[in-house]
There are 4 protein chains.
Amino acid sequence: MARGNTRQRIQDVALGLFAEQGYEKTSLREIAEHLDVTKAALYYHFKTKEDIIIGIFQDLTRPVDELIDWAREQPRTLEVREEILRRYQESLISAYPLFRFMQENQAAVRELSIGLTFKERMLELSGLIQEPDFTVLDRVRCVSAIFTLHAGMFFMDNVEGDSEEKREAVLEVALDLLSQAHGGPVAGA
Amino acid sequence: MARGNTRQRIQDVALGLFAEQGYEKTSLREIAEHLDVTKAALYYHFKTKEDIIIGIFQDLTRPVDELIDWAREQPRTLEVREEILRRYQESLISAYPLFRFMQENQAAVRELSIGLTFKERMLELSGLIQEPDFTVLDRVRCVSAIFTLHAGMFFMDNVEGDSEEKREAVLEVALDLLSQAHGGPVAGA
Amino acid sequence: MARGNTRQRIQDVALGLFAEQGYEKTSLREIAEHLDVTKAALYYHFKTKEDIIIGIFQDLTRPVDELIDWAREQPRTLEVREEILRRYQESLISAYPLFRFMQENQAAVRELSIGLTFKERMLELSGLIQEPDFTVLDRVRCVSAIFTLHAGMFFMDNVEGDSEEKREAVLEVALDLLSQAHGGPVAGA
Amino acid sequence: MARGNTRQRIQDVALGLFAEQGYEKTSLREIAEHLDVTKAALYYHFKTKEDIIIGIFQDLTRPVDELIDWAREQPRTLEVREEILRRYQESLISAYPLFRFMQENQAAVRELSIGLTFKERMLELSGLIQEPDFTVLDRVRCVSAIFTLHAGMFFMDNVEGDSEEKREAVLEVALDLLSQAHGGPVAGA
DNA sequence: AATGAATGAGTCTTCATTCAT
DNA sequence: GATGAATGAAGACTCATTCAT
């Protein structure tokens, strides 16, 4: 019937199921049934189960990798760092299902032949918003800023309120943490 | 040789492997091999694979559940809330492998017949440190405070520095976020 | 590019792979990849996998079948029999890859819908160089003469020395055995 | 029901089927059905399909390997070499199904992680009955002597006659070839 | 308190084959 | 003369689980 887009449909259905049930728990039989094709059809489009997920990763982590690349070439100013957080939040939101999948399946995915892991990307990003001479306290603030953006994803789903308002609030808290790390106005100052 | 403690040893080895490789990916065969017993021996101590992990959960999430119970009965003051964060951090640290496991296997564990999930406990806790009339911004700060403690776990492993110093810095940032949410001294104030 | 000869190219590649890896172990995918065409293309030229190998057989066992036919019509003299051995050796050499394939895949090929099997052809040939009244000992010599020619194939690959010289030596030993069977000069005679 | 001997029964049935149909063509399902157990039961006794056959090999090629070891330590006399042929024939006969399997599945078995292959063992043995200064002709005679013993196996099945008589005749022809190679009485001498 | 032997259901994967284009 | 897309059947293998001993 529909042709040409099967590869894409496989990835969509697969990511949905992976995110919902976990990678290991989702069988190719299940994916095939959802698509109303045979398991063998999946193998026409992807060499292995791992390949399916790697394909998804490559498509969807590109924005974050591009962000990292971009950030590496920028001057190390507060403005740039704020921009990093802004862009990171955008990436998280636009690749939400993948993000959720990565977050909730870290163990299962760790061994996959995927370039950078979730953790490694986070480390990289948190490095890019710090100065080498930061105190431990300020380093924590930077990592916390990133985790706040992640918390935002969680927040979106589980706390009531206007979506856009929540997004902005999350970003504000993250930016606050960043500026505090950068010697910004702090309590009592 | 040493007997009687086999049940405990099974749980220890199992949690180690679950945390490392994921729940689904870890087979009973593997656990048995690590313990140098047969698979059948595991069934003498636990009725199912799920039972093993449920046992671990019950042993190790008790502190957090007790914290929740305690918190529910306290007056809703800032001091109590600070104490909640402090105690939560302690729980996280003392049940580190379980925490890491829960964090990295959320998807796999979701379907298990376990009382409260990781997420639910977090929601509960974050509710306990908020006021009903909080703005979205302040709610984000509270959730962020909790995520900061989680970030701390990540921080412990992946950032250099003295362990105790890091722990304290993490707590400080979390407490900061909390007091800001509570109208504490903010930028420019 | 070059077309028209595709059928032949398929057979060549297939025989090569069959000889190297075995018939069952060689998949059509593999053959297609070696030829840089799709599997479906193979089906344009051959109806089934079995068909490919049957085609090869028919092309390459013809010489032996013709030899058998020829031999059946000759007078049953020692000279004719010597000629049979000579011609058989030639056939073996000129269809070397097929011979090797047949030799090493007897089990796999047994069930194929192929006229005479390797074994049957050998039995036939050995019958043609014996007399009905031969003693068991002389029958063994005749079968041994044929096996010696086969051994020669093995010899070619695995023992050093000039190719032509080896071929002649092999033939000489085979002829010797034949003439001994035919009451030729024997030890002490 | 019957216990303890299952491992052995698996090997017996497997070798039978492997010899009859070929290694690749014989599925574990088939083996299991013949034994009236499940496929999984096979995996309790052997780690892989390859393992089943390797087990068989090790049990059954031992005699030939021991012969090779023994031969290496003997003085290089004609008598010893005759003894080698005699013992080799015995080995072939006593491990007949395995021999037939090896002979007819060389291609399939080549890639298996088995010590020496059929071919290598033959080369080794043929080396042990030759002198370094042999002419090509004499080398051929030695290899031919070995092939004659193999031919004997074929002879046993496919030529009528008393079994013991055939065996002796085969050995006699092989010994003849050996003694001719060793400058024994030849035609016209 | 633990083992040896086995099972049933399921996994991922590969294969030969088909057919509309 | 060949491809792209797909299928049904089967393959090897693994898993959680059971039970008699």
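The structure presented is a predicted model; accordingly, all values stated were derived computationally and were not measured. The analysis underlying the following values was restricted to heavy atoms, covering all of them including side chains, and did not include hydrogens, waters or symmetry mates. Proteins get letters first, then strands, A, B, ... in listed order; numbering begins at 1 in each.
Toward the 5′ end of DNA chain F lies the nearest nucleotide of C:K39, the other residue of the pair C:K39 and B:L28 mapping further downstream. Two residues, C:E50 and A:K47, neighbour DNA chain E, and the one matched to the more 5' nucleotide by heavy-atom proximity is A:K47. Looking at which nucleotide of DNA chain F each of B:E30 and A:H45 is closest to, the 5′-most match is held by A:H45.
Rounded to an integer number of Å, the gap from D:Q21 CD to F:dA10 P is 14 Å. Between the CG atom of D:N5 and the P atom of E:dG4 there is a distance of 17 Å, given to the nearest Å. The distance between atom CD1 of D:I31 and atom C1' of F:dA12, rounded to the nearest whole Å, is 11 Å. Distance D:E33 CD to E:dT7 C1': 15 Å, rounded to the nearest Å. Regarding C:E24, its CD atom lies at a distance of 17 Å from the P atom of E:dT14, rounded to whole Å. Atom C1' of nucleotide F:dT18 and atom CG of B:L42 are separated by 14 Å, given to the nearest angstrom. Summarising the geometry, the separation between CZ on B:R9 and P on E:dA2 is reported as 8 Å, rounded to the nearest angstrom. The nearest whole Å value for the distance from the NZ atom in B:K25 to the C1' atom in F:dA16 is 19 Å.
When Watson-Crick and G-U wobble pairs are counted only if both distances are under 3.5 Å, F:dT18 pairs with E:dA5. With a cut-off of 3.5 Å on both pairing distances, the Watson-Crick or G-U wobble partner of F:dC13 is E:dG10.
One finds no side-chain N or O of C:T6 lying less than 4.0 angstrom from the OP1 or OP2 phosphate oxygen of F:dG1. Checking the phosphate oxygens (OP1, OP2) of F:dT14, no side-chain nitrogen or oxygen of D:Y43 falls inside 4.0 Å. A close approach under 4.0 Å does not occur between any side-chain nitrogen or oxygen of C:T38 and OP1 or OP2 of F:dA2. The side chain of A:Y44 places an N or O atom within less than 4.0 Å of a non-bridging phosphate oxygen (OP1 or OP2) of F:dA5. Contact check, B:R29 against F:dC15: a side-chain N or O comes under 4.0 Å of OP1 or OP2.
Not one N or O on the side chain of A:T61 forms a donor-acceptor pair closer than 3.5 Å with the backbone of A:V64.
The side chain of B:T48 approaches F:dT17 more closely than any other nucleotide in the set F:dT7, F:dT17, F:dT14. For D:A40, the side-chain atoms get nearest to F:dT14 when compared with the rest of E:dT17, F:dT14, F:dA16.
A search for ring pair (Phe, Tyr, Trp, His ring centres under 6.0 Å) contacts involving C:F99 returns C:F118, C:H150, not counting sequence neighbours.
Both cation-pi conditions hold for A:K49 and A:Y23: the charged atom is under 6.0 angstrom from the six-membered ring centre and inside a 45 degree cone around its axis.
Counted by atom type alone, A:Q21 and A:E30 present one or more donor-acceptor pairs between their side chains at under 3.5 Å.
Remark: D:E104 engages C:R110 in a salt bridge, criterion side-chain N to carboxylate O under 4.0 Å.
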